[in-house]
2 protein chains.
Amino acid sequence: MESEINILVVEDDNDINTLLCDIIRNSGYRPQPAFSGTEAVLYLEKRSWDMVLLDLMLPGMSGEELLEKISEQLPVPVMIISAKSEQQTKIEALRTGADDYITKPFDIEEVSARIDSHLRRYRRMNQTLHIKELNYKDIRINTESQIVVVNEKEILFTAREYAILTLLLSSPKKVFTKANLFESVWNEKYYGDDNTISVHMSNLRSKLSKANPHEDYIETVWGVGYKLKT
Amino acid sequence: MESEINILVVEDDNDINTLLCDIIRNSGYRPQPAFSGTEAVLYLEKRSWDMVLLDLMLPGMSGEELLEKISEQLPVPVMIISAKSEQQTKIEALRTGADDYITKPFDIEEVSARIDSHLRRYRRMNQTLHIKELNYKDIRINTESQIVVVNEKEILFTAREYAILTLLLSSPKKVFTKANLFESVWNEKYYGDDNTISVHMSNLRSKLSKANPHEDYIETVWGVGYKLKT
DNA sequence: GACTTTCTTAAGACTTTTCTTAACTCTTTT
DNA sequence: AAAAGAGTTAAGAAAAGTCTTAAGAAAGTC
């Protein structure tokens, strides 16, 4: 299964946003447009990102404010793309936590090359550092080694099962609808009327209960979806 | 004790070199001037660096040539500082492995801010681990001499094979995806659908099992990648 | 420039996972 | 109790991922 690179594009101008998204798509990554700071925050909370392109002049929450928020809380590289060409603004942004700053109008090829450059280096770093541990009850997942330990026993899951499980553990309180799951794990639209997920859930539960028959991990929320048992 | 940050400044113009060194010194880092590509190579071989500032127009070995050499062999971030302002040059440099590109005449504050920005993000990674011996089961690798001993026998591996093997041994529990391997060993983006890695793995395994037929070292993790057998 | 080694590409065989379907059961809601 | 939603199981088919081999391309060496 191919791992996607996700890039958030925060830019209120529709044309520029579309252009940036096209550049990203042409490089083989997956862009997500956001047209305001507040919208960007929602996306940033929803999932993890490999990079953020950020305009400084935004409606509502300013770009600077958002930049500060991101650099304090998230390890994601941020590239500012702004019409503000004053040195002072540029320097402030870089000092606040931006990883790059380019001014409009920009050269398409250069933006593309810079995105690649940052990702290249950042991914290398991510590989050796950034070990995340996911825990829930007696389930321990090391996202680096992809080893899942349940009740002190190492359990082997298929790639899909692993994806579902880590998704659930990443937001222990959230109820995931079937559409949610389909879009996250399969990266496809969900058209309902499909028990593929049921089958996978069934297999997941059976592997889990084999490891620990006394515990119950996944809860069905009737008419909605699934969540971890609280 | 705080460890010093060392930055190599490759620039043939004496005044500019001095200026850059001053900027670096004022930021609390330790600069090392080099006035030609060949001189830079000597410094690069002598010790490890946290960052390299590089002019493209150099006597003897060109900056482009040096950049290529560095990005192939070393994980250090490189910032190009050049009078060449053509987009094509800039893009080529970024694609070759440069982490940033600024044109002369440059703004002192901006250079300073950009250096800090790169160091901030990549500093931890650059704390080059000085591992001299890698061990796993009956495999012993001396990373200085690059000699690999398996089951008391010295085995010769090709450069790629050696790179893959040391990567695996560096994190014995980690599952390396193909993208991981490609980015570390080849220093290139992975677009999937490529069995080069499979072939190298096959060759690696066959060499290893020739040295010790009773042992099994590399495990395939389906749908994910490879790891060392636990 | 010829020789050697190493790397990459391609093709086919092979393995494992995933999907789909279907029949049947269980649970909750109305 | 009936209806709707959800769960389980199993089996075959399809898809995805991997392994191996061999030959040509590229790189490095003398």
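Throughout, a chain's letter reflects where its sequence line sits, starting with A, and its residues are numbered from 1.
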Q) Between B:I164 (CD1) and C:dT8 (C1'), how many Å, whole number? A) 13 Å

Q: Only counting residues at least two apart or in another chain, list the ones meeting salt bridge (charged side-chain N to carboxylate O under 4.0 Å, His left out) with B:K69.
A: none

Q: Not counting sequence neighbours, list each pair that qualifies as a ring pair (Phe, Tyr, Trp, His ring centres under 6.0 Å) and has a residue in residues 194-217 of chain A.
A: A:W186-A:H200

(Q) Among residues at least two apart in sequence or on other chains, which ones pass ring-ring contact (aromatic ring centres under 6.0 Å, His included) with A:W222? (A) none

Q) For B:R140, does the CZ atom have more than 12 heavy-atom neighbours from other residues, nucleotides or ligands under 6.0 Å away? A) no

Q. Got A:L119 and A:I7 here, is their nearest side-chain heavy-atom distance under 4.5 Å?
A. yes

Q: State, to the nearest 10°, the angle formed by the axis through the first five base pairs of the helix from C:dG1-D:dC30 to C:dT30-D:dA1 and the axis through its last five.
A: 50°

Pull out every protein N or O sitting under 3.5 Å from an N or O of nucleotides 24-30 of chain D, one pair per line with the distance.
none

Q. Looking at residues at least two apart in the chain, or sitting in another chain, which of them share a salt bridge (charged side-chain N to carboxylate O under 4.0 Å, His left out) with B:K178?
A. none

Q.
Tell me every residue that passes side chain to side chain contact (heavy atoms under 4.5 Å, CB included) with B:A159, counting only those two or more places apart in sequence or in another chain.
A. none

Q. Just how far, in rounded Å, is C1' of D:dC19 from OH of B:Y226?
A. 8 Å

(Q) Whole angstroms only, please: what is the CD-C1' distance between A:E161 and C:dC19? (A) 13 Å

Q.
Please check this pair: side chain of A:R121 against backbone of B:V76, looking for a donor-acceptor N/O pair closer than 3.5 Å.
A. yes

**Q.** Between C:dC7 (C1') and B:L156 (CG): distance, integer Å
**A.** 17 Å

Q) Nearest-Å distance, OH (A:Y162) to C1' (C:dT17)? A) 17 Å

(Q) Please list all pairs meeting side-chain hydrogen bond (donor to acceptor under 3.5 Å, both in side chains) that have one or both residues in residues 15-25 of chain A, counting only residues at least two apart or in different chains. (A) A:D22-A:R25

Q | Side chain to side chain, A:I81 and A:D100, heavy atoms closer than 4.5 Å | A | no

Q.
Could you work out, with salt bridge (charged side-chain N to carboxylate O under 4.0 Å, His left out) as the rule, every residue matching B:E92, not counting sequence neighbours?
A. none

Q) Which is it for A:M51 and A:L53 under the side-chain contact (heavy atoms from CB on, under 4.5 Å) test, yes or no, and what are the steps along the way? A) CA-CA 7 Å; A:M51 193 163 179; A:L53 303 195; 4.2 Å; yes

Q: Establish, with yes or no, whether the OP1 or OP2 oxygen of C:dT8 is under 4.0 angstrom from a side-chain nitrogen or oxygen of B:W186.
A: yes

(Q) Taking any heavy-atom pair under 4.0 Å as a contact, classify B:K178: base, sugar-phosphate, or nothing. (A) sugar-phosphate

**Q.** Contact residues, residues 197-212 of chain B to DNA chain C [heavy atom, < 4.0 Å]
**A.** B:V199, B:H200

Q. Could you state the CG-C1' distance from B:L181 to D:dT18, rounded to the nearest angstrom?
A. 14 Å

Q: Would you please confirm or rule out a distance under 4.0 Å between OP1 or OP2 of C:dT8 and any side-chain N or O of B:R160?
A: yes

Q) With nearest nucleotides of DNA chain C determined for B:A159 and A:T158 from heavy-atom distances, which residue corresponds to the more 5′ nucleotide? A) B:A159

Q) Excluding sequence neighbours, so at least two apart, what forms side chain to side chain donor-acceptor pair (under 3.5 Å) with A:E39? A) none

(Q) Would you say B:T196 places a side-chain N or O within less than 4.0 Å of OP1 or OP2 belonging to C:dT8? (A) no

Q: Keeping the roles fixed (side chain from B:E86, backbone from B:Q88), state whether a donor-acceptor pair exists under 3.5 Å.
A: no

Q: Go along nucleotides 23-30 of chain C 5' to 3' and tag each nucleotide: B for a protein heavy atom under 4.0 Å from its base, S when only backbone or sugar atoms are that close, - otherwise.
A: ----BS--

